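Worksheet: the structure to be examined is printed underneath.
Just so we're clear, the structure is a prediction, and the values are computed from it rather than from any experiment. Side chains are part of it too, since the values below use all heavy atoms of this structure and drop only hydrogens, waters and symmetry mates. All chains are named by letter (A, B, ...) in the order of the sequence lines, taking the proteins before the strands, and each is independently numbered beginning at 1.
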Amino acid sequence: MTILPRSYYLNPDVAFLAKDLLGKCLVTQFDGKLTSGMIVETEAYAGVTDKASHAYGNRRTVRTEVMYSIGGTAYVYLCYGMHSLFNIVTNREGIPDAILIRGIVPDEGTGIMLQRTGKDSVTKNFGIGPGNVSKALGIHYSHTGLDITRKTLKKKDTGIWLEERGFVVDPGKIQITTRIGVQYAGEDASRPYRFVLH
DNA sequence: CGGCCGATCCACT
DNA sequence: GTGGATCGGCCGA
């Protein structure tokens, strides 16, 4: 098990990284409870040039400021007033690229994840959908800005990080489509920036 | 300061 | 296939 290092997230090609994240393992540990899952669906958001991005046109607000952080930082925000959506900031500091994690296959801590989601069994679609990812892994919008390149935060038993566990992705099982819910983004809505591992 | 709306999910038909 | 839940952030006044 290798924690993905800072250098991994500095890649300037956000679409490449979004695709490369498929098969990696997303791990969280809060209050000593460790949960994880393999990433099977992502979406790339290409900073200032992408109308679907919150940072389009170099837009800076209190919420989007964290997108300008160095690659390897968590960007979590609230959608529809009830869903915390987890994104990974990529590229060097000042370039607001980000990748939305849309789906995982649960691995460790399934009991904890069932408890968090209120489900009684891990069904096929458990962990699919960006809101479900955060719910299962216990990610909250207050976690925005977290450094995800190291395991612990201020000695507390807390953190979000990614691991390379040697899972070999069959390129033929990767589906590339346009992104969900970005019809407002004009021509950028047709960018092939959604990656699904089947 | 107030109104609008979103990178959604689920229960129900 | 559809509508209701539910609220912080953003923008315009």
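Using a 4.0 Å heavy-atom criterion, one finds that N87(A) contacts the bases of the nucleic acid, with or without backbone contacts as well. Heavy atoms of I180(A) sit under 4.0 angstrom from primed sugar atoms or phosphate atoms, though from no base atom.
Checked by atom type, the side-chain pair R194(A)/T177(A) shows a donor-acceptor distance below 3.5 Å. Looking at T149(A) and D147(A), their side chains do bring a donor and an acceptor atom within 3.5 Å of each other. In this structure, a donor-acceptor pair under 3.5 Å is present between the side chains of T28(A) and T35(A).
Atom OH in Y75(A) sits about 15 Å away from atom P in dG6(B), given to the nearest Å. Atoms NE2 (H54(A)) and C1' (dG6(B)) sit 8 Å apart, rounded to a whole Å. Going from atom CZ of R191(A) over to atom C1' of dA7(B) covers 15 Å, rounded to whole Å. Counting to the nearest Å, the P atom of dA7(B) and the CZ atom of F195(A) are 19 Å from each other. Whole-Å rounding puts the N132(A) CG to dA7(B) C1' distance at 14 Å. Rounded to a whole Å, the CZ atom of F86(A) is 16 Å from the P atom of dC9(B). L85(A) places its CG atom 18 Å from the P atom of dT6(C), with the value rounded to the nearest Å. Here dG6(B) presents its P atom at 13 Å from OH of Y45(A), a figure rounded to the nearest Å.
Where DNA chain C pairs in unbroken runs of 3 or more (Watson-Crick or G-U, both distances under 3.5 Å), the stems are B:1-6 with C:7-12, B:8-12 with C:1-5.
R102(A) has a side-chain polar atom (N or O) that falls below the 4.0 Å cut-off from OP1 or OP2 of dT8(B). OP1 and OP2 of dG9(C) both lie 4.0 Å or more from every side-chain N or O belonging to T61(A). For dC10(C), the OP1/OP2 oxygens have a side-chain nitrogen or oxygen of R63(A) closer than 4.0 Å.
Closest contact between the side chain of T64(A) and the listed nucleotides dA5(C), dC10(C), dC9(B) involves dC10(C). Looking at the side chain of M67(A), the nearest of the listed nucleotides dA7(B), dC10(C), dT6(C) is dA7(B). Considering only the side chain of L78(A), dG8(C) comes nearest among dT8(B), dG8(C), dC10(C). The side chain of Y80(A) lies closest to dT8(B), out of dC10(C), dA7(B), dT8(B).
In this structure, Y77(A) has its ring center under 6.0 Å from that of H54(A).
The existence of a salt bridge linking R165(A) and D107(A) is confirmed by a sub-4.0 Å separation between a basic side-chain nitrogen and an acidic carboxylate oxygen. Between D13(A) and K19(A), none of the side-chain N atoms (NZ, or NE/NH1/NH2) sits under 4.0 Å from a carboxylate O, so this pair counts as no salt bridge. A salt bridge links R60(A) with E65(A); the closest basic N to acidic carboxylate O contact falls under 4.0 Å.
Annotation: side chain of E164(A) is not in contact with side chain of Y8(A) (no heavy-atom distance under 4.5 Å).
A residue-by-residue look at H83(A) and Y141(A) shows that H83(A) has its nearest nucleotide of DNA chain C further toward the 5' end. Residue order along DNA chain B, read from the 5' end via each residue's closest nucleotide, puts Y184(A) first among K119(A) and Y184(A).
Annotation: dA7(B) and dG1(C) have their P atoms spaced 23 Å apart (nearest Å).
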